[in-house]
Novice: 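Supplied in structure tokens, the structure appears directly below.
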Number of protein chains: 2
Amino acid sequence: MAVFPRPPLPGSPRSLEPCLSCDARADSVCNAVDDEHLARLAELAVVSDVQAGQTFIEEGDPADSFFNLTAGSAKLYKLMADGRRQITGFVAKGHFLGLAVSATYAFSAEAIEPVRLCRFSRSRMFRLLGDFPALERRLLERAATELVAAQEQMLLLGRKTARERVASFLHTQSLAAPCGRARNSIELPMSRGDIADYLGLTVETVSRTLSRLRGEGLIEIPSATMVLVRDPGRLAVLAAG
Amino acid sequence: MAVFPRPPLPGSPRSLEPCLSCDARADSVCNAVDDEHLARLAELAVVSDVQAGQTFIEEGDPADSFFNLTAGSAKLYKLMADGRRQITGFVAKGHFLGLAVSATYAFSAEAIEPVRLCRFSRSRMFRLLGDFPALERRLLERAATELVAAQEQMLLLGRKTARERVASFLHTQSLAAPCGRARNSIELPMSRGDIADYLGLTVETVSRTLSRLRGEGLIEIPSATMVLVRDPGRLAVLAAG
DNA sequence: GAGCCACATTGATCTGGGTCAATGAATCCG
DNA sequence: CGGATTCATTGACCCAGATCAATGTGGCTC
């Protein structure tokens, strides 16, 4: 079922190298482990690359890996039998995946941009956690953060209008922007369809709503994958309802 | 801002008693701590009672307590400025609350039925966690379980029809029913308004949908607070879309 | 047990966002 | 560079569920 690259692309699965040179380390739970103990973690890690559009976690598959996303971005989603899709989140560098307790994954994950993954055996990872309480604490913190975000998303999906949803999305994306980025410029690597499935809307409504926000001078849309926020204050007010 | 009973009702805040005799212990994260170490936990706990309808966590208040619900049931919700409300979950005996990492609570909590709470100082609780890795692991497992449930709820709110939402709700409630309960009988301590705010619908739609399901012979509604599932199979199919 | 009050149900109508249908704009190749 | 393919936008129309408006109904108090 899982569309996983076989064999996992080369990389250096059994050396310390992938961790020490990992440019996601600062953003990731791994930085709870200090340099001298990093080897224990590194020897569990298998690095692999996934190209854009490829699914690397399939809902319902045995959940035997734990992932850390070290480059690129991906979408997490759930599907219904008739194809209806809900994207539950977009994840970027530094995000971990596969905490799920059940024996199978509760969601699918697909790369939006080319992704680099650091993959761990779940069972070995969990055994290792016992020796690294700081790492476990970090996981707990991340899980708590995600729960808060999930509750906010439930408010959006259950009670906000299309306009408020799109404004909230843009607002959140502008806050989550990589720090190197120009103020008020939002890069949207995902398609309109993805945004729609994230916000519980249709492509048409997302497109219309963006056009309307542009018409009102709140944003500019220099290209389909970029949005400039002209009035962050008004956008924030709109997002809050 | 917080409507918290002052002074916290009597109980035995500084004895082992509340933990050893706690009938939620089996369902709760506390059972990761064995009898001999329970005293360390018990000395942090303050037991208090909250009557139905009373708010005991207020969104935005400083998040300095960690709660364990040991009796009754409560609803968790987020409010928008104009009063729109999204209930993010119903919690019962054994559930913990207040994991949130930020300095303030991200949601409010209100008792539906009279609630008994076991309250801990968050800072002391987190310090204690270092000595009880099993307890921390349990928290992580619970958090992961809640994340999975949250993703399922996002699918419901973003993509399911009213009919599917109500069916999903009944289906989930029937699975979560206390084990002592008669098969297929669902107790609904919350109001129709609460159900509506949980499912992202209006009271009228919830009521109409329940009536329709009854008309189709899927369920019976002997009283407003009780539902009997006549055809669990068909209900499950409906819930899945 | 009469009157009240909050909640639930049911009906009539309205509307935000979905659906269906073109049309435009990029990107990809050969 | 031109045709194709995919994605985004825009328009016309429709419908599931919201809103507005009564009408039940069970649980209080007095």
Side-chain angles (χ1 to χ4, degrees), chain A residues 51-53 75 80 82-86 110 112-113 156-170 186-216 219-227 238 241, chain B residues 51-53 75 80 82-86 110 112-113 156-170 186-216 219-227 238 241:
Chain A
Q51 58 194 152
K75 56 195 177 199
M80 293 176 65
D82 60 6
R84 276 176 285 174
R85 183 178 69 155
Q86 179 64 38
E110 180 185 320
I112 293 174
E113 301 168 303
L156 179 148
L157 292 170
R159 290 300 181 216
K160 290 188 181 178
T161 65
R163 202 171 150 74
E164 289 162 350
R165 293 181 200 204
V166 172
S168 298
F169 174 69
L170 294 176
I186 309 173
E187 183 71 39
L188 299 176
M190 68 294 285
S191 71
R192 295 291 187 269
D194 288 344
I195 298 175
D197 283 346
Y198 180 58
L199 299 178
L201 300 170
T202 58
V203 186
E204 293 93 329
T205 299
V206 169
S207 186
R208 267 188 265 270
T209 306
L210 285 171
S211 297
R212 188 167 156 215
L213 293 177
R214 180 186 48 198
E216 294 168 5
I219 59 173
E220 281 175 54
I221 312 177
S223 88
T225 60
M226 161 134 340
V227 170
L238 228 183
Chain B
Q51 58 192 154
K75 56 194 177 201
M80 293 176 66
D82 59 6
R84 277 176 286 173
R85 183 178 68 154
Q86 179 64 39
E110 179 185 321
I112 294 175
E113 300 167 305
L156 179 148
L157 292 170
R159 290 301 181 215
K160 290 188 182 180
T161 65
R163 201 171 151 73
E164 289 163 351
R165 293 181 200 204
V166 172
S168 298
F169 175 69
L170 293 175
I186 309 172
E187 183 72 39
L188 300 176
M190 69 295 284
S191 71
R192 294 291 186 269
D194 288 344
I195 297 174
D197 283 346
Y198 180 58
L199 300 179
L201 300 171
T202 60
V203 187
E204 293 93 328
T205 299
V206 169
S207 186
R208 266 189 264 270
T209 306
L210 285 171
S211 298
R212 186 167 159 217
L213 293 177
R214 180 185 49 198
E216 294 168 4
I219 60 172
E220 282 174 53
I221 311 176
S223 88
T225 60
M226 162 135 342
V227 170
L238 228 184

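Keep in mind that the numbers below use all heavy atoms, side chains included, and drop hydrogens, waters and symmetry copies. So that the names make sense, note that chain A is the first sequence line, chain B the second, and so on, each numbered from 1.
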Novice: May I ask you to verify if any side-chain N or O of Thr202(A) is less than 4.0 angstrom from the OP1 or OP2 atom of dG18(C)?
Specialist: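 Checking dG18(C) against Thr202(A), a side-chain N or O does come within under 4.0 Å of OP1 or OP2.
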
Novice: In whole angstrom, give the distance that lies between atom CZ of Arg212(B) and atom C1' of dG11(C).
Specialist: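 Value for this atom pair: 16 Å.
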
Novice: Of all residues at least two apart in sequence or in a different chain, which pass the salt bridge (charged side-chain N to carboxylate O under 4.0 Å, His left out) check with Glu113(B)?
Specialist: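 Salt bridge (charged side-chain N to carboxylate O under 4.0 Å, His left out) check on Glu113(B) returns nothing, list empty.
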
Novice: Any residue in residues 160-169 of chain B with a heavy atom nearer than 4.0 angstrom to DNA chain D? Just list them by number, or reply none.
Specialist: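 Residues of residues 160-169 of chain B that come under 4.0 Å of DNA chain D are, in numerical order, Thr161(B), Ala162(B).
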
Novice: Which residues satisfy the side chain to side chain contact (heavy atoms under 4.5 Å, CB included) test with Thr205(A), sequence neighbours excluded?
Specialist: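 Partners of Thr205(A) under the side chain to side chain contact (heavy atoms under 4.5 Å, CB included) test: Ala162(A), Leu201(A), Thr202(A), Thr209(A).
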
Novice: For the helix from dG1(C)-dC30(D) to dG30(C)-dC1(D), what angle separates the axis at the start from the axis at the finish, each from five pairs, in steps of 10°?
Specialist: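 Terminal axis comparison yields 40°.
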
Novice: Mind checking salt bridge (charged side-chain N to carboxylate O under 4.0 Å, His left out) for Arg85(B) and listing every partner two or more places apart, or none if nothing turns up?
Specialist: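 Here the qualifying residues are Asp194(B), Asp197(B).
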
Novice: With a 4.0 Å cut-off on heavy atoms, is Leu210(A) in touch with a base, just the backbone sugar-phosphate, or nothing at all?
Specialist: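 If one applies the 4.0 Å heavy-atom cut-off, Leu210(A) turns out to touch nothing in the nucleic acid.
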
Novice: Which sits closer to the 5' end of DNA chain C, Arg208(B) or Met190(B), going by the nucleotide each is nearest to?
Specialist: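 Nearest nucleotide further toward 5': that of Met190(B).
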
Novice: Who are the salt bridge (charged side-chain N to carboxylate O under 4.0 Å, His left out) partners of Glu204(A), not counting sequence neighbours?
Specialist: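 Once residues adjacent in sequence are excluded, Glu204(A) has no partner under the salt bridge (charged side-chain N to carboxylate O under 4.0 Å, His left out) criterion.
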
Novice: Anything under 4.0 Å to a heavy atom of chain A counts; send over the first and last such nucleotide of DNA chain D, read 5' to 3'.
Specialist: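 On DNA chain D, the outermost contacted nucleotides are dA8(D) to dA12(D).
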
Novice: Roughly how many Å is it from CZ in Arg84(A) to P in dG18(C), rounded to a whole number?
Specialist: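 Going from CZ in Arg84(A) over to P in dG18(C) covers 13 Å.
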
Novice: In whole Å, what is the span from the CG atom of Leu213(B) to the P atom of dA8(C)?
Specialist: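 So the two atoms are 17 Å apart, to the nearest Å.
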
Novice: Nearest heavy atom decides the nucleotide; on that basis, is Pro222(A) or Leu201(A) closer to the 5' end of DNA chain C?
Specialist: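 Looking at the nearest nucleotide for each, Leu201(A) comes out on the 5' side.
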
Novice: Any side-chain heavy atom of Val166(B) within less than 4.5 Å of one from Ile195(B)?
Specialist: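 A side-chain contact is absent here, since even the closest heavy-atom pair is not under 4.5 Å.
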
Novice: Between Arg165(B) and Lys160(B) (side chain of the first, backbone of the second, donor and acceptor by atom type, cut-off under 3.5 Å), is there such a pair?
Specialist: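 Yes, the answer is positive, given that a donor and an acceptor are paired below the 3.5 Å cut-off.
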
Novice: Atom CZ of Arg192(A) to atom C1' of dG24(C): distance rounded to whole Å?
Specialist: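 Going from Arg192(A) (CZ) to dG24(C) (C1'), I get 14 Å.
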
Novice: With Arg163(B), which residues qualify under side chain to side chain contact (heavy atoms under 4.5 Å, CB included), at least two apart?
Specialist: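 Side chain to side chain contact (heavy atoms under 4.5 Å, CB included) list for Arg163(B), sorted by chain: Thr161(B), Arg212(B), Leu213(B), Glu216(B), Leu238(B).
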
Novice: Identify, with sequence neighbours excluded, every residue that meets ring pair (Phe, Tyr, Trp, His ring centres under 6.0 Å) alongside Tyr198(B).
Specialist: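 Scan of Tyr198(B) (ring pair (Phe, Tyr, Trp, His ring centres under 6.0 Å), adjacent residues dropped) gives Phe90(B), Phe169(B).
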
Novice: Output the rounded distance in Å from CE (Met226(B)) to P (dA8(C)).
Specialist: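 Distance, rounded to whole Å: 15 Å.
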
Novice: What's Ser207(A) touching, base or sugar-phosphate or nothing? Going by heavy atoms closer than 4.0 Å.
Specialist: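 Base contact - Ser207(A) has a heavy atom under 4.0 Å of at least one base atom.
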
Novice: Who pairs with Ser207(A) by side-chain hydrogen bond (donor to acceptor under 3.5 Å, both in side chains), at least two apart in sequence or on another chain?
Specialist: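 Residues passing side-chain hydrogen bond (donor to acceptor under 3.5 Å, both in side chains) with Ser207(A): none at all.
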
Novice: Does Thr225(B) have any side chain to side chain contact (heavy atoms under 4.5 Å, CB included) partners at least two apart in sequence or in another chain, and if so, which?
Specialist: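 If we apply the side chain to side chain contact (heavy atoms under 4.5 Å, CB included) test to Thr225(B), skipping adjacent residues, the hits are Glu187(B), Ser223(B).
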
Novice: Can you check whether Arg159(B)'s main-chain N or O pairs, donor with acceptor, with Arg84(A)'s side chain at less than 3.5 Å?
Specialist: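 It does hold such a pair.
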
Novice: Measure the distance from CD on Glu204(B) to P on dA8(C) and round it to the nearest whole Å.
Specialist: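 Going from Glu204(B) (CD) to dA8(C) (P), I get 11 Å.
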
Novice: Taking side-chain hydrogen bond (donor to acceptor under 3.5 Å, both in side chains) as the definition, give me every residue that meets it alongside Ser191(A), ordered by chain and number, with sequence neighbours left out.
Specialist: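 Partners of Ser191(A) by the side-chain hydrogen bond (donor to acceptor under 3.5 Å, both in side chains) criterion come out as none, since no residue qualifies.
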
Novice: Find which nucleotide of DNA chain D each of Ile221(A) and Arg159(A) is nearest to by heavy atoms, and output the residue with the more 5' nucleotide.
Specialist: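 The residue closer to the strand's 5' end, by nearest nucleotide, is Ile221(A).
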
